[in-house]
Amino acid sequence: MIDAPRPLPPGWPTTEAEATAVQDELRGRVILDEPGPQPGAPLIAVGVDVAYDDERDVVVAAAVALDGTTLEVVEEATAVGRVAFPYVPGLLAFREIPTVLAVLDRLTVTPGLVVCDGYGLAHPRRFGLASHLGVLTGLPTIGVAKNPFTFTYDAPGPARGDTSPLLDGAEEVGRALRTQKGVKPVFVSVGHRVNLDHACAWSLVLSPRYRLPETTRAADSLCRRALAEQAS
DNA sequence: GCGACAG
DNA sequence: ATCTTGTCGC
């Protein structure tokens, strides 16, 4: 059975000015002074990702819950929604967050950490997707991105676990983290209720074999499969 | 002013 | 994100 795309929430921003105002309002509710879960602690780590069909204006979100110790999949969920905003760098969250919230609602397990595909604090106004999702759910969140966006960094050391600051001018907004020897780093930033050390440590724990965390890989794979089903 | 820019 | 074949390598 294929789900019909759910409609947008009433009052959802439609202009860049409105979306920016929402960010500025929600940003005051981000919690940055909690250490967050200890890396390796027994918890459920949830990866979220989305896939788009711009033709049909459809977005499919996937959430995959992993045992934070064994990295085994304990639950999967998908949700189908409407693309909620045009793609504007810095406003990515508005495109997908309603559907991401829906997919998290479908999980029966309680996430101890949510790993987002994108940024948190590393954002032009310090309120990326991971920050936004964290504030709206109250859950600890981190962002792990594949690209440095507009930020700068020097290459981290060659060993797995080596890091270097991700900089916006002189300000450290996240870290480039080498998750595999000799492989391009990922870009980690804090979302909500997790500090940068723990965010990096969890990113490393969740990436035992590949460049990207297993949470991200599992969610990416699932949302692509779900989008293909939705299209057929 | 223009372009570049997470996904 | 997405458009897209084969190919080199473990």
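Within every chain, numbering begins at 1; the chains are lettered A, B, ... in the order of the sequence lines, protein sequences first and strands thereafter.
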Which pairs count as salt bridge (Lys or Arg N to Asp or Glu O under 4.0 Å) when at least one residue sits in residues 141-163 of chain A, sequence neighbours excluded? Asp117(A)-Lys146(A)
Sugar-phosphate, base or nothing in reach of [X], heavy atoms under 4.0 Å:
X: Leu91(A); result: base
X: Ala51(A); result: sugar-phosphate
X: Gly143(A); result: nothing
X: Asp49(A); result: sugar-phosphate

Checking ring pair (Phe, Tyr, Trp, His ring centres under 6.0 Å) for the pair His123(A)/Phe149(A): CA distance, chi angles, key distance, verdict? CA-CA 9 Å; His123(A) 178 274; Phe149(A) 199 13; 7.2 Å; no
Stacking between dA6(B) and Phe187(A), yes or no? Criterion: centroid separation under 5.5 angstrom, plane angle under 30 degrees. no
Side chains of Arg211(A) and Ser207(A) only: does a donor on one sit below 3.5 Å from an acceptor on the other? no
So for atom NZ, which belongs to Lys181(A), do other residues, nucleotides or ligands contribute more than 12 heavy atoms lying within a distance under 6.0 Å? no
Measure the acute angle between the ring planes of Phe127(A) and His132(A), then classify it against the limits of 30° and 60° as parallel, tilted or perpendicular. tilted
Output the single nucleotide from dA1(C), dA6(B), dG7(B) whose closest atom is nearest the side chain of Arg95(A). dG7(B)
So which nucleotide from dT2(C), dC5(B), dA1(C) ends up closest to the side chain of Leu227(A)? dT2(C)
Taking atom SG of Cys200(A) and atom CG of Asn195(A), what is their separation to the nearest 0.5 Å? 9.0 Å
Along nucleotides 3-10 of chain C, 5' to 3', which nucleotides get a B, which get an S, and which get a -, given that the test is a protein heavy-atom distance under 4.0 Å? --------
Rounded to whole Å, please give me the gap between [atom1] in [X] and [atom2] in [N].
X: His123(A); N: dG7(B); atom1: NE2; atom2: P; result: 13 Å
X: Phe151(A); N: dA6(B); atom1: CZ; atom2: C1'; result: 9 Å
X: Leu92(A); N: dA4(B); atom1: CG; atom2: P; result: 19 Å
X: Lys146(A); N: dA6(B); atom1: NZ; atom2: P; result: 11 Å
X: Asn147(A); N: dG7(B); atom1: CG; atom2: P; result: 5 Å
X: Arg224(A); N: dT2(C); atom1: CZ; atom2: C1'; result: 9 Å
X: Tyr119(A); N: dA1(C); atom1: OH; atom2: P; result: 13 Å
X: Tyr52(A); N: dA1(C); atom1: OH; atom2: P; result: 10 Å

Duplex segments of DNA chain B, taken as runs of at least three Watson-Crick or G-U pairs that stay under 3.5 Å: none
Residue among Thr163(A), Val115(A), Leu177(A), Leu212(A) satisfying side chain to side chain contact (heavy atoms under 4.5 Å, CB included) with Ser203(A): Leu177(A)
NZ or CZ of Arg217(A) within 45° of Tyr210(A) ring axis and under 6.0 Å: yes
Honestly, is Arg95(A) close enough over Tyr52(A), meaning NZ or CZ under 6.0 Å from the six-membered ring centre and within 45° of the axis? yes
Step-by-step side chain to side chain contact (heavy atoms under 4.5 Å, CB included) determination, Leu8(A) to Arg82(A): CA-CA 7 Å; Leu8(A) 294 185; Arg82(A) 294 290 177 191; 4.2 Å; yes
